[in-house]
Amino acid sequence: MALLLNVEDYRRRARHVLPRLVFDYVDGGAEDERCLRRNRDALEALPLIPECLRDTSMLDIGIELFGSRWRAPFAVAPIGLAGIVRPHADALLARAAQAARVPFILSTASNTRIEDVRTAAPDATLWMQLYVMGERAIAERIVHRARAAGFEALVLTVDVPVGGLRERDLRHGFRVPMRLTPGTLLDMARRPAWLLRLARSGMPRFANLLPDDDGTPISPQAQAALLSRTMDRTLTWESLAWLRRLWDGPLLVKGLLGAEDARRAVRHGADGIVVSNHGGRQLDAAPASIAALPAIADAVGGRIPVLMDGGIRRGSDVVKALALGARAVLLGRAPLYGLACDGEQGALSVLQLLAQETERTMTLLGAAHACELGPRHVDQPAPRSPDAQNGFAQRPLEGTRGKPSIYPAHAPA
């Protein structure tokens, strides 16, 4: 059995343990998948510049955000329909995040009920991601349930007025409920362990769109909207006031790529921004998240925290984002590859691996804490736009120094 030494190793293993249509659902992007590739290409194109003879004996990669202490500067991103990878995926990912002491963000399109995720991970830092569909009463119920279950932040995803054209899924006929064809059945039969787990648990459902405990039904139209990722197109910046009336905790806006939208988020009272192109799964012509990050961080000017997702596969990618203005990053596909390979333990192993890589990279750069990272550590390309010419302002990160890593040395899986 091959050693699993990095995220790409887990990705290759996941490709062998999942049916092709499931792996392509996880791994794929929109249209020609140029945005998907752009995320990785842009990160790989940024060299890091070390500073030598710096004291890193008390290295601490942790941060503090919204009153919570994170052991590493990343969280598990919201992942819709994760249950197709492994039953109870949302609960398993939450438990892995709890063990790694980083947050887990539950998707509106999850396959595990909000309350059951909290039960599975009672000590986890949990955030709730929100899609707003045509029936806003559904969103209101989800927000109320998340608050009652002790979720600490709300993440409004705004880059899905319509679903991206995900051609891999279309070629496979991928849908929920899954359309079983002879080709689909043969694909599944080649992965007996996955098929057995599916047979025992049944096809995943959008658990938070099922009838509530009080018997309130969720309309078929709402479930169809979530299936097709068709959201409420009347949602505007002024709609944040509506959510503010429902939610008194931190409210983040996810899916921004432009500096002016970042300024709008600040003006309308958002508590945080997630720079994101939806992992290359929406607008294929969108820029790489890491390319959009510096201008957004500059526009925000430290008034609210900026997070980023898109293409993170190494600890050095995490460090590049922190140096260019992010307070933390979100991890989507990476822990899902681990989940596919070995369930909760696989997801935790990926989180630990990325934490170790982040520690090693920061040590080599001469930075003992994330607040010591800055644009001087990144060999940046020449500016190509007026926004980029504003430069990169260093954003100090909260947190205090501590003891050396809590993460054990990575062992072969």
Side-chain angles (χ1 to χ4, degrees), residues 2 4-44 74 76-87 89-90 92-93 96 105 107 109-111 159-160 163-176 178 183-184 186-188 190-191 193-195 197-198 204 227 229 276-284 286 288-290 309-314 317 329-343 346-347 349-351 353-354 413:
L4 300 179
L5 300 179
N6 53 53
V7 171
E8 181 59 25
D9 286 346
Y10 279 92
R11 177 181 176 273
R12 284 194 290 264
R13 177 70 62 79
R15 189 168 197 157
H16 287 291
V17 301
L18 294 174
R20 176 67 181 271
L21 82 167
V22 176
F23 178 81
D24 280 355
Y25 167 74
V26 172
D27 199 61
E31 299 180 5
D32 298 312
E33 301 190 345
R34 291 175 180 170
C35 185
L36 182 71
R37 294 191 296 273
R38 201 174 291 128
N39 277 337
R40 287 299 310 142
D41 291 345
L43 282 163
E44 291 174 357
F74 50 70
V76 178
I79 303 166
L81 199 59
I84 199 66
V85 172
R86 189 171 286 251
D90 304 293
L92 297 176
L93 289 167
I105 308 173
S107 172
S110 66
N111 305 123
D159 59 356
V160 190
L165 184 62
R166 303 180 189 176
E167 294 180 3
R168 287 204 221 182
D169 293 348
L170 292 174
R171 295 184 194 284
H172 290 306
F174 186 89
R175 64 181 67 178
V176 177
M178 195 172 293
T184 301
L186 179 60
D187 184 24
M188 293 179 175
R190 290 171 175 163
R191 302 293 183 261
W194 177 90
L195 185 58
R197 286 192 292 266
L198 182 73
L227 284 170
R229 294 173 293 275
S276 174
N277 53 35
H278 217 99
R281 295 162 78 84
Q282 283 298 110
L283 178 64
D284 196 27
S289 296
I290 192 69
D309 70 16
I312 302 294
R313 298 292 183 271
R314 286 281 189 181
D317 298 332
V329 302
L330 306 185
L331 308 172
R333 290 181 177 92
L336 207 55
Y337 296 143
L339 184 81
C341 295
D342 194 21
S349 294
V350 167
L351 297 177
L353 170 65
L354 287 169

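One-based numbering along the sequence shown.
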Determine, step by step, whether H172 and T184 satisfy the side-chain contact (heavy atoms from CB on, under 4.5 Å) criterion, reporting the C-alpha distance in whole Å, the side-chain angles of both residues, the deciding distance to 0.1 Å, and the verdict.
-> CA-CA 8 Å; H172 290 306; T184 301; over 6 Å; no
With a cut-off of 6.0 Å (strictly less than), are more than 12 heavy atoms of other residues, nucleotides or ligands near CZ of R40?
->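 It does: R40 CZ has more than 12 such atoms within range.
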For the backbone of [Y] and the side chain of [X], can you confirm whether one donor and one acceptor N or O come within less than 3.5 Å of each other?
X	Y	value
R15	F23	no
R191	H16	yes
R281	G164	no
R333	G28	yes

Verdict with reasoning, L93 to L336, per side-chain contact (heavy atoms from CB on, under 4.5 Å) = CA-CA 8 Å; L93 289 167; L336 207 55; 4.2 Å; yes
Heavy-atom pair with the smallest gap, counting every atom of [X] and [Y]:
X	Y	value
S276	D159	O-OD2, 4.1 Å
L339	R86	O-NE, 3.0 Å
Q282	V160	NE2-CA, 3.7 Å
G310	S289	CA-OG, 4.2 Å
C35	G280	SG-CA, 3.8 Å
A42	A288	CB-CB, 3.6 Å

Is any side-chain N of the basic residue among D9 and R12 closer than 4.0 Å to the acidic one's carboxylate O?
-> yes
Evaluate the side-chain proximity of [Y] to [X]: yes if any heavy-atom separation is below 4.5 Å, no if none is.
X	Y	answer
N277	L283	no
D41	R38	no
N39	I290	no
F174	D24	no

Once you round to the nearest 0.5 Å, how far does [atom1] of [X] lie from [atom2] of [Y]?
X	Y	atom1	atom2	answer
M188	L195	CE	CG	7.0 Å
I79	S110	CD1	OG	11.0 Å
L21	D187	CG	CG	5.5 Å
D90	N111	CG	CG	5.5 Å
L43	I312	CG	CD1	5.0 Å
E167	L170	CD	CG	7.0 Å

When you look at D32 and R37, which way does the salt bridge (Lys or Arg N to Asp or Glu O under 4.0 Å) test go after all the steps?
-> CA-CA 10 Å; D32 298 312; R37 294 191 296 273; over 6 Å; no
Trace of the side-chain contact (heavy atoms from CB on, under 4.5 Å) decision for L351 with L331 | CA-CA 9 Å; L351 297 177; L331 308 172; 3.8 Å; yes
Does R313 count as lying over the ring of F74, i.e. NZ or CZ under 6.0 Å from the six-ring centre, within 45 degrees of the axis?
->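 Judged by the rule, R313 and F74 form no cation-pi pair.
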Apply side-chain hydrogen bond (donor to acceptor under 3.5 Å, both in side chains) to the pair Y337 and D27, showing each step before the final yes or no.
-> CA-CA 9 Å; Y337 296 143; D27 199 61; 2.5 Å; yes
Assess whether side-chain contact (heavy atoms from CB on, under 4.5 Å) is satisfied between W194 and V17, documenting all intermediate values.
-> CA-CA 7 Å; W194 177 90; V17 301; over 6 Å; no
